[in-house]
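For reference, the structure discussed in these notes is given below.
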Protein chains: 2
Amino acid sequence: MNFGFKAILTTGQAPLYAQIRGHLLQRIALGLWKPGDLLPSETALADEFAVSQGTVRKALDGLVANNLVVRHQGKGTFVATHTPQRELFHFFHLVDQNFTRQMPETSRLISCQLRRGERHELHNLKLGSNAHVVVIRRVRRLYGKPVIMERIVVPSKLFPGLSENDNVPNELYHFFEKTYGVTIHKAIENIYATSANQETSLYLGLKQGAPVLGITRIAESLDGAPVEYRLSLCNTCAHTYMNEIV
Amino acid sequence: MNFGFKAILTTGQAPLYAQIRGHLLQRIALGLWKPGDLLPSETALADEFAVSQGTVRKALDGLVANNLVVRHQGKGTFVATHTPQRELFHFFHLVDQNFTRQMPETSRLISCQLRRGERHELHNLKLGSNAHVVVIRRVRRLYGKPVIMERIVVPSKLFPGLSENDNVPNELYHFFEKTYGVTIHKAIENIYATSANQETSLYLGLKQGAPVLGITRIAESLDGAPVEYRLSLCNTCAHTYMNEIV
DNA sequence: GAGTGGTCTAGACCACAGA
DNA sequence: CTGTGGTCTAGACCACTCT
């Protein structure tokens with residue numbers, strides 16, 4: 001179907017391809033097209049928006065650059081999904097001495113509870129003052145040794161029933177996407193050095209006061225709302241946080 | 001002039017635009033076009049390589065995406081330069097509590113000496129076993145307080161006379177580019193937590209053994225060779241290393 | 001006004017996947 | 001074989017910069 005978009009769109013100032021990019025993005029963010037779905041072909045989209053195929057292509061190129069869609073020659077264009085691969089290479093930055101990433105082994109869940117959010121949690125998640133959150137605490141292992149202690153805070157509203165789940169899977173973002181329709185899109189991490197307190201030292205097998213790497217992460221969903229506030233404390237005796245600057 | 005590129009190029013398998021991108025990249029890496037230089041116009045390049053303007057455009061788009069060239073409508077396409085802005089936003093990741101970057105103030109140079117490279121330095125810089133290096137040590141300040149202690153190791157061969165310079169400027173990459181024709185293109189950082197030794201604690205005003213953030217950086221020039229091996233030790237009491245995952 | 005990059009079009013051909 | 005995305009072309013018009 002043709003909504004007569006072009007006539008409307010050309011009245012604006014942004015380039016056509018950017019406007020179409022916005023429309024496509026919106027459909028993904030609204031869940032009209034879910035992760036893994038096949039998008040209409042370029043020619044179909046060109047017909048719908050009444051523009052040339054080249055313009056649709058440029059709009060799609062932008063979405064590819066942002067990891068929002070994936071293209072496969074001969075098959076089509078698909079909404080990107082959180083595969084373990086993507087989660088590992090995109091969101092997991094601890095590497096060993098050979099600079100190779102490894103998938104963390106099954107994590108040990110310490111607790112998963114629903115409670116009223118603390119002030120800094122609510123602030124970071126941009127929630128109202130009485131909102132509840134689900135707090136997941138777990139220890140992640142690499143090569144059999146406990147290396148990361150995590151506290152993950154998410155709004156309970158977006159994850160109904162999560163706190164009753166006593167078997168939170170390892171691949172959290174894949175799980176969020178599949179079970180709750182929440183797609184993590186980007187994140188900001190802040191990294192600092194601190195000392196292990198008693199509990200941390202216990203879980204990570206360190207002396208109390210040993211230096212550990214602290215990482216806070218605020219992750220956004222597709223619509224730009226913060227949906228995860230995470231604190232990771234890492235033993236960096238045998239691993240480092242690797243960051244490529246390109 | 002027309003070198004008859006197209007006939008040669010089409011025998012290969014890589015797409016035309018990628019091959020042209022490679023040729024342009026080579027001219028930049030070889031210094032034929034230096035930072036700040038104006039490239040020939042799209043039409044001129046299209047003529048030279050005997051392809052359409054659209055193909056040249058796609059090649060240039062790739063270089064733009066890699067921060068190798070900058071385009072200005074109405075003016076032309078220029079080889080990218082290391083402005084203080086770029087150096088700050090691209091290569092400097094320490095932010096304060098408000099998550100804002102700030103330009104480090106004039107750094108205090110501790111030493112700048114020429115000596116035989118140690119084994120791990122030579123390994124990280126991919127140098128032969130008898131190569132010499134220049135080692136710069138300095139303390140950088142933020143808001144008047146010493147926050148970062150740096151040791152920067154570069155091959156002496158690429159930086160003749162650097163060790164006699166007793167006034168190394170703050171903007172190192174801009175200085176490298178302007179004075180030695182060495183353009184830093186990308187880098188890999190590895191981050192870990194450690195304890196301040198006596199010297200570090202002294203320079204950073206910390207107690208001995210206090211947790212500090214360690215950052216090693218290996219930076220590459222345009223031709224892909226490692227040209228800088230840097231260790232930064234940071235006091236993260238009032239700052240964090242910010243990393244955006246997009 | 002002349003020259004630059006930025007947008008948009010229409011059409012051709014190729015490479016790949018799947019029925 | 002058809003349909004998909006990937007490459008490449010030729011040309012039009014616009015927005016911007018400088019003279």
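Per chain, numbering begins at 1; letters A, B, ... match sequence-line order.
Look at CG on B:Asp47: it is 11 Å from P on D:dA10, rounded to the nearest Å. Protein atom CZ of B:Arg57 is 16 Å distant from nucleotide atom C1' of D:dT7, rounded to whole Å. The distance between atom CG of A:Leu39 and atom P of D:dG3, rounded to the nearest whole Å, is 19 Å. Atom CD of B:Gln53 and atom P of D:dC13 are 15 Å apart (whole Å). For the pair B:Glu42 CD and D:dC8 P, the interatomic distance rounds to 16 Å; values are reported in whole Å. Taking atom CZ on A:Phe49 and atom P on C:dC8, their separation rounds to 14 Å, with Å as the unit. One interatomic measurement links the two molecules: CG of B:Leu45 to P of D:dT9, which rounds to 14 Å at whole-angstrom precision. In this structure, A:Leu38 atom CG and C:dG18 atom P are separated by 12 Å, rounded to whole Å.
Heavy-atom contacts from other residues, nucleotides or ligands closer than 6.0 Å to NE2 of B:His72 number more than 12. Residue B:Arg101 qualifies as enclosed at atom CZ: its count of foreign heavy atoms under 6.0 Å is above 12.
Regarding contacts with the backbone of C:dT9, a side-chain N or O of A:Thr55 is found under 4.0 angstrom from either OP1 or OP2. Applying the 4.0 Å criterion to OP1 and OP2 of D:dC8, one finds that B:Tyr17 has every side-chain N and O outside that range. Considering only side-chain N and O atoms, B:Lys58 lies under 4.0 angstrom from the phosphate OP1 or OP2 of D:dT7. Look at A:Ser41 and you won't find any side-chain N or O under 4.0 angstrom from OP1 or OP2 of D:dG3.
Salt bridge status for A:Glu42 with A:Arg71: present, with a side-chain N to carboxylate O gap under 4.0 Å. The pair A:Arg27-A:Glu48 meets the salt-bridge criterion, with a side-chain N (NZ, NE, NH1 or NH2) lying under 4.0 Å from an Asp/Glu carboxylate O.
Using modelled atom types, one finds no donor on one side chain facing an acceptor on the other under 3.5 Å when comparing B:His82 with B:Tyr173.
Interatomic distance, A:Ile152 CD1 to A:Ser232 OG, rounded to the nearest 0.5 Å: 7.0 Å.
Residues from residues 59-81 of chain A with heavy atoms under 4.0 angstrom of DNA chain C, sorted by number: A:Gln73, A:Gly74, A:Lys75.
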Point to revise | Trace of the ring-ring contact (aromatic ring centres under 6.0 Å, His included) decision for B:Tyr192 with A:Tyr241 | key: CA-CA 6 Å; B:Tyr192 56 94; A:Tyr241 179 102; over 10 Å; no
